[in-house]
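Contents: one structure, followed by commentary.
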Amino acid sequence: MPLLQVDEVSVRFGGVMANQGVNLHADAGRITGLIGPNGAGKTTMFNVITGLQDPTEGRVLVDDKDVTALKPHKRARLGLARTFQRLEVFGSLSARDNVLVAAEIRKRWARDGSDPKAVAEEVLERVGITHVAGERVDAMPTGMARLVELARALAARPRLLLLDEPGSGLDESETEAFGGLLLDLAREGLGMLLVEHDVDLVMRVCDLIFVLDFGRIIAVGTPTEIQHNPDVQAAYLGAEDPDDADHAAEELTHS
Ligand SMILES: Nc1ncnc2c1ncn2[C@@H]1O[C@H](COP(=O)(O)OP(=O)(O)OP(=O)(O)O)[C@@H](O)[C@H]1O
Ligand SMILES: [Mg+2]
């Protein structure tokens, strides 16, 4: 039984089908990729999974339980957390207070006697930002602010974390370190669903990848399978042209 299952989900915005009959799943201790060109419907899928967007059709299941009608905060209690494509942090607060807010919210419903301050320190340490925890987030470089958002999501002690382009704004060495952190978190049992345009990062960390194009899943497979899938190569450049397909294959293997 997968931790998360998306069952035949469609989302219509007027004339646009942002998602069309999407089936996907994600498991604990695994990093599952969700990739696709701009506008493919990745963020919409995250919104459906976390409860910010009602699907036009289909269901979302957590531990085999239908959560499609549950509000976002109820889903959070079941173990879903996310980060946002457009970084959402409290800029005027310190990194520590950003994380503490989440740890305190969790304390209200978790009833496991955890001390929010201790939880906050632990996750700050976990993502490696203890040394800047007192700084205001709006004074931080993007890479650091993204780590604050990640720490805040982890403070809710999720079982499945949805990451929407966490690599954007990170330089090469930050991305390298970030990939290592995601792999460590997976080894500790956290499930992750990763939306990311940095194909190298996706190929390095994911166990299984789902590819969306124009709202539909066009391929599912291991990184190697996805790299060699001609439909995926075509979707990435929107190309039938074999030269373009070669170029796309190159991008997918080592962009
Ligand atoms: N609230 C909305 N109202 C109307 N159309 C929307 C809405 N949200 C998304 N769309 C449309 O749905 C489609 C999918 O958008 P979505 O943001 O899910 O794509 P994405 O894969 O996350 O893209 P990107 O890689 O650029 O972030 C696009 O055509 C987009 O314009
Ligand atoms: Mg998006």
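First listed ligand is number 1; within each ligand, the first listed atom is number 1.
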Metal site the Mg ion (ligand 2): N/O/S of Thr44 inside 2.8 Å
no
Tell me, please, whether Phe84 has Arg82 positioned over its six-membered ring: NZ or CZ under 6.0 Å from the ring centre and within 45 degrees of its axis?
yes
of all protein heavy atoms, closest to atom 18 (O) of ligand 1 is Thr44 OG1, 2.5 Å
Knowing that exactly one of Gln85, Glu196, Arg146, Arg86 qualifies, which makes a side chain to side chain donor-acceptor pair (under 3.5 Å) with Ser168?
Arg146
Where the side chain of Ser94 meets the backbone of Arg136, is there a donor-acceptor pair that is under 3.5 Å apart?
no
When you measure from the side chain of Thr175 to the backbone of Gly167, do you find a donor-acceptor pair of N or O atoms at a distance under 3.5 Å?
no
Under 3.5 Å: donor-acceptor pair, side chain of Asn19, backbone of Val22
no
contact_flag Gly36 ligand 1 heavy-atom lt 4.0 Å:
no
Compute the shortest N/O to N/O distance between Gly41 and ligand 1 and return yes if it is under 3.5 Å, no if not.
yes
What do we get for Val16 next to ligand 1 when only non-hydrogen atoms under 4.0 Å count, side chain, backbone, both or neither?
side chain
Could you see which bit of Met45 sits under 4.0 Å from ligand 1, with heavy atoms only: side chain, backbone, both or neither?
neither
Identity and distance of the protein heavy atom lying nearest atom 27 (O) of ligand 1
Gln85 NE2, 2.7 Å
Using a cut-off of 6.0 Å, state whether more than 12 heavy atoms not belonging to Glu172 lie near its atom CD.
no
Nearest option to atom 9 (C) of ligand 1, as decided by whichever heavy atom of Phe46, Phe13, Phe214 sits closest
Phe13
State if Gln53 counts as touching ligand 1 under the rule of any non-hydrogen atom under 4.0 Å.
no
Counting only N and O atoms by type, is there a donor-acceptor contact under 3.5 Å from the side chain of Glu225 to the main-chain atoms of Thr222?
yes
Could you confirm whether Thr43 has any N/O/S atom lying under 2.8 Å from the Mg ion (ligand 2)?
yes
When you compare ligand 1 with Gly39, is there at least one nitrogen or oxygen pair between them that comes in under 3.5 angstrom?
yes
Taking only heavy atoms of His197, which atoms of ligand 1 are found under 4.0 Å from at least one of them?
25 (O)
Output yes when a side-chain donor or acceptor of Arg30 lies under 3.5 Å from a complementary backbone atom of Leu208, and no otherwise.
no
